[in-house]
Amino acid sequence: MKALFPHSGRARVIGLTGAPGSGKSTLVDQLARIYRKQDRTVGIIAVDPTSPYTGGAILGDRIRMQDHFSDPGIYIRSMATRGSLGGLARTTADVATVLDASGRDVILIETVGVGQDEVDIVRLADITIVILVPGMGDDVQTIKAGIMEIADVFVINKSDREGAERVEREIRALQSLAARQDGWTPPIVKTVASEGTGVPELAAAVAGYEAYLQRENLALKKSVENWQERLVEMLRDAMLEKARQQLGDGRVAQMAAEVAEHKRDPYTLVEEIAAKVGGGDRTISD
Ligand SMILES: Nc1nc2c(ncn2[C@@H]2O[C@H](COP(=O)(O)OP(=O)(O)O)[C@@H](O)[C@H]2O)c(=O)[nH]1
Ligand SMILES: [Mg+2]
């Protein structure tokens, strides 16, 4: 990663998030086609909610995208959400950096918009597309506030279904309540991803936001904010790892037992450990 990092920073990273079945993979596939027509190379990272034990959906995404397999301009990487070292958001960020350094022009990251991990993942994107669908009890009100806040572009997919206008009205109502700090009003694009309808308009909306970032000099500001969080996270991981090494196996469980039995207080304990983590190769004494 150290060697690759200097070569990264050129790619445009686009995050797509939405409920399972909302059409993320189909949209990614369609957008990839458009970017390839523009002669831009594409990297796709599909972060899947499936555990590595079953892997069903991972395989599903691969099969759906097999159209692209013969095109060296498209690289697809599926990731399981469980068991990734250093956390999913961190690992996804690292994979994005690798693809970026490899020279991909556009990186599309598909993730299910459910947990904090997913919010963190889309935060690492330059542009975030939030996908909603009509019906399915999937009202805008039920969409997590965090997800609404990160949308740079809204997509109402499956607009061939009844209720697309209602979803649009709901988004507009929410938008009228609070303006964004950067002054951008996220456009709302209606699509039927399975037929490709509205996808050129979506690509145009994404390009519109890219242009806005450039014009307002916001790209760097966004990146600084991003790195502020990522640096803290990396530091936390590194310190924790160091503390674990110094403590040795089983020590945390032992200390937990001591605290539970009120033999020692957790405040002093943590203070002692934290003080010693920075102290070279000394081990934490009892
Ligand atoms: N009717 C309709 N079906 C769609 C549309 N977009 C995607 N689908 C279908 O919805 C299902 C889920 O799509 P998928 O892209 O796998 O959703 P994901 O789970 O969000 O990645 C698939 O069977 C798609 O063919 C759409 O605009 N209209
Ligand atoms: Mg999918």
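Computed over heavy atoms, backbone and side chain alike; hydrogens, waters and symmetry mates excluded. When a ligand or atom number is given, it counts from 1 through the structure's own listing order.
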For [Y], is there an ion pair with [X] - N to carboxylate O distance below 4.0 angstrom?
X: R90; Y: D237; result: yes
X: R172; Y: E168; result: yes
X: E165; Y: R169; result: no
X: K221; Y: D182; result: no
X: R104; Y: D100; result: no

Give a yes/no verdict on whether any heavy atom in E110 is under 4.0 Å from an atom of ligand 1.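 Per 4.0 Å heavy-atom rule, E110 contacts ligand 1.
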
Could a heavy atom of G18 be found less than 4.0 Å from some atom of ligand 1?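 No, that is not the case, since the closest heavy atom of the residue is not under 4.0 Å from the ligand.
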
For ligand 1, which atoms have a heavy atom of V192 less than 4.0 angstrom away?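 Near V192, the atoms of ligand 1 are 26 (C), 27 (O), 28 (N).
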
For A19, atoms of ligand 1 separated by under 4.0 Å from a heavy atom: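 Within the 4.0 Å cut-off of A19, ligand 1 contributes 20 (O).
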
[X] to ligand 1: N or O pair under 3.5 Å?
X: P20; answer: no
X: D160; answer: yes
X: N157; answer: yes

Any V192 side-chain heavy atom under 4.5 Å of K158 side chain: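 Side chain of V192 against side chain of K158, heavy atoms only: no contact under 4.5 Å found.
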
Do D71 and R36 come within less than 4.5 Å of each other through their side chains, counting heavy atoms only?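 In short, these two side chains touch, coming nearer than 4.5 Å.
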
Closest by any non-hydrogen atom to [atom]: pick that one out of [options].
atom: atom 9 (C) of ligand 1; options: K158, Q30, K24; result: K158
atom: atom 7 (C) of ligand 1; options: V155, T26, L16; result: T26
atom: atom 3 (N) of ligand 1; options: P134, A164, S194; result: S194

In E110, the N, O or S atom nearest to the Mg ion (ligand 2) is which?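 Checking each N, O and S atom of E110, the shortest distance to the Mg ion (ligand 2) belongs to OE2.
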
The Mg ion (ligand 2) contact by T26, N, O or S atom under 2.8 Å: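 Coordinating: no.
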
Can you tell me how far CG of L240 sits from CG of L235, rounded to the nearest 0.5 angstrom?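 Reported to 0.5 Å precision, the distance equals 11.0 Å.
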
